[in-house]
Amino acid sequence: GTGATTRLNPARSAINARGSFATSEYNSLQVELSRAFAHGITFRAAYTYSKDLDNSSEVFNTFNSPTSYQADLSASGLRQEWGNSAWDHRNYLVVSYVWSPKGFRSGNYAGNLALGVLTRNWTISGVERFQSGPYSTVNFSGFDSNGDGSTANDRPIIGNASAPFNTAAIDASYLGGTQGTYYSLNTYNTTSPKQKVLIDPSTVHFVVQRGQNFLGQEVGRDTFLQPGYQQHDMAIEKGIEVPHFEHGLLTLRAEANNIGNHNNVNPLGVNASLFGASSQLNPVISRTGGGRALVLWAQFKF
């Protein structure tokens, strides 16, 4: 038959939304569809859309967004931290399928035996998984912009939103120059010896600023969407009838995890102070579980 279900989970939040305390809000929509077709085909799909917002999950973030606490330590400092949760994956889709054809039979003993080997007791199944990537924060870990003693909680400001995303400038005072003037980070990070080339901050996307007066202009927390994830698994199973051995059945099965040897991308580096270096915004390939994994097994029932 056919079945479909839809569930909507309501939002939940703490007592003081977006204020001085840690708060969160979560919503999700779940849809499931199943269908049994003729000829032994069964199909099922489950989709989840979720949105998880908070103002403090960055403390536990482990991928390229080091933040010990918000840079603005005023009473309303957490207000500016409101944004995507570090574990917010917006879309998740799972599709599974099973095909078990009945096969053919013949009144002729030899023919029926051949048809049993070729067409009966086959099962092909698989699971396809797709998930949106997590969010992380464009930062400039290593420099203390607001003078609070931490080099792990500062974020850049926007110089020119229309400029290429991987371009950045830094206040020259960090590198021995005059505060209020700016060097090109792309040039500094790609030359040897390092070259300090003055640049107009309005020509780059991000600016590594200096001073507490910039706190209200910092880019939002967890506003960079990381690459997504996908996994493809498949199994083929064959049963061989052994009628002269107590109507036994020999089952042979082959399973392949990540059958296409698909390369997922690790979280990208988003430290604006390192833009231009190969370690930032450069996809690093990671094969799930070390790549394709094959499992073969056999079972005899009688």
Side-chain angles (χ1 to χ4, degrees), residues 57-59 61-73 77 80-84 86 133-228 265-285:
S57 64
E58 192 77 46
V59 174
N61 201 337
T62 59
F63 45 86
N64 301 306
S65 300
T67 297
S68 53
Y69 47 83
Q70 76 274 14
D72 185 354
L73 300 180
Q80 191 175 336
E81 303 299 294
W82 184 258
N84 304 308
Y135 288 92
S136 63
T137 303
V138 178
N139 62 88
F140 53 87
S141 178
F143 296 94
D144 182 10
S145 174
N146 65 335
D148 65 351
S150 173
T151 60
N153 65 345
D154 298 286
R155 304 193 293 266
I157 63 175
I158 297 295
N160 182 350
S162 300
F165 188 86
N166 64 341
T167 56
I170 187 170
D171 191 293
S173 62
Y174 287 116
L175 302 177
T178 302
Q179 185 170 345
T181 62
Y182 295 88
Y183 293 141
S184 167
L185 275 167
N186 296 79
T187 300
Y188 184 80
N189 290 326
T190 55
T191 55
S192 182
K194 303 292 187 182
Q195 295 184 18
K196 302 174 184 178
V197 177
L198 289 172
I199 192 173
D200 183 347
S202 66
T203 63
V204 296
H205 197 100
F206 294 104
V207 176
V208 177
Q209 74 285 359
R210 186 162 207 154
Q212 292 188 353
N213 54 312
F214 290 104
L215 283 178
Q217 303 175 43
E218 291 181 331
V219 298
R221 181 184 64 83
D222 278 343
T223 53
F224 181 82
L225 179 60
Q226 291 285 349
V265 178
N266 285 337
L268 306 179
V270 286
N271 186 337
S273 67
L274 297 178
F275 278 6
S278 60
S279 60
Q280 302 302 299
L281 296 173
N282 183 37
V284 177
I285 301 304

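Predicted model only: the values in this text are computed from it and were never measured.
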- Task: Please name the pair of heavy atoms, one in T190 and one in N186, separated by the smallest distance, quoted to 0.1 Å.
- Result: OG1-O, 2.5 Å
- Indicate yes or no: at least one non-hydrogen side-chain atom of D171 is less than 4.5 angstrom from one of Q209. no
- Measure from the ring center of Y188 to the ring center of Y183 and say whether it is less than 6.0 Å. no
- Message: Tell me whether D222 contacts the main-chain N or O of G83 through its side chain, where contact means a donor paired with an acceptor under 3.5 Å.
- Response: no
- Item | Side-chain donor/acceptor of Q80 to backbone N/O of L215, under 3.5 Å | yes
- With distance as the sole test, does T223 use its side chain to make a donor-acceptor pair with the main-chain N or O of G220 at under 3.5 Å? yes
- Side chains of L268 and Q226 in contact at under 4.5 Å (non-hydrogen atoms): yes
- Shortest non-hydrogen separation from A168 to A272 and the atoms involved: CB-O, 3.6 Å
- Message: So T187 and I199, do their side chains get closer than 4.5 Å, heavy atoms only?
- Response: no
- What is the ring orientation for F165 with H205, classed by angle as parallel under 30°, tilted 30 to 60°, or perpendicular over 60°? tilted
- Query: For the residue pair Y182 and V207, what are the closest heavy atoms and their distance?
  - Reply: CE2-CG1, 3.5 Å
- Message: Keeping N271 on the side-chain end and S141 on the backbone end, is there a donor-acceptor pair under 3.5 Å?
- Response: yes
- So which heavy atom on D154 is nearest to which on F143, and how close? OD2-O, 3.2 Å
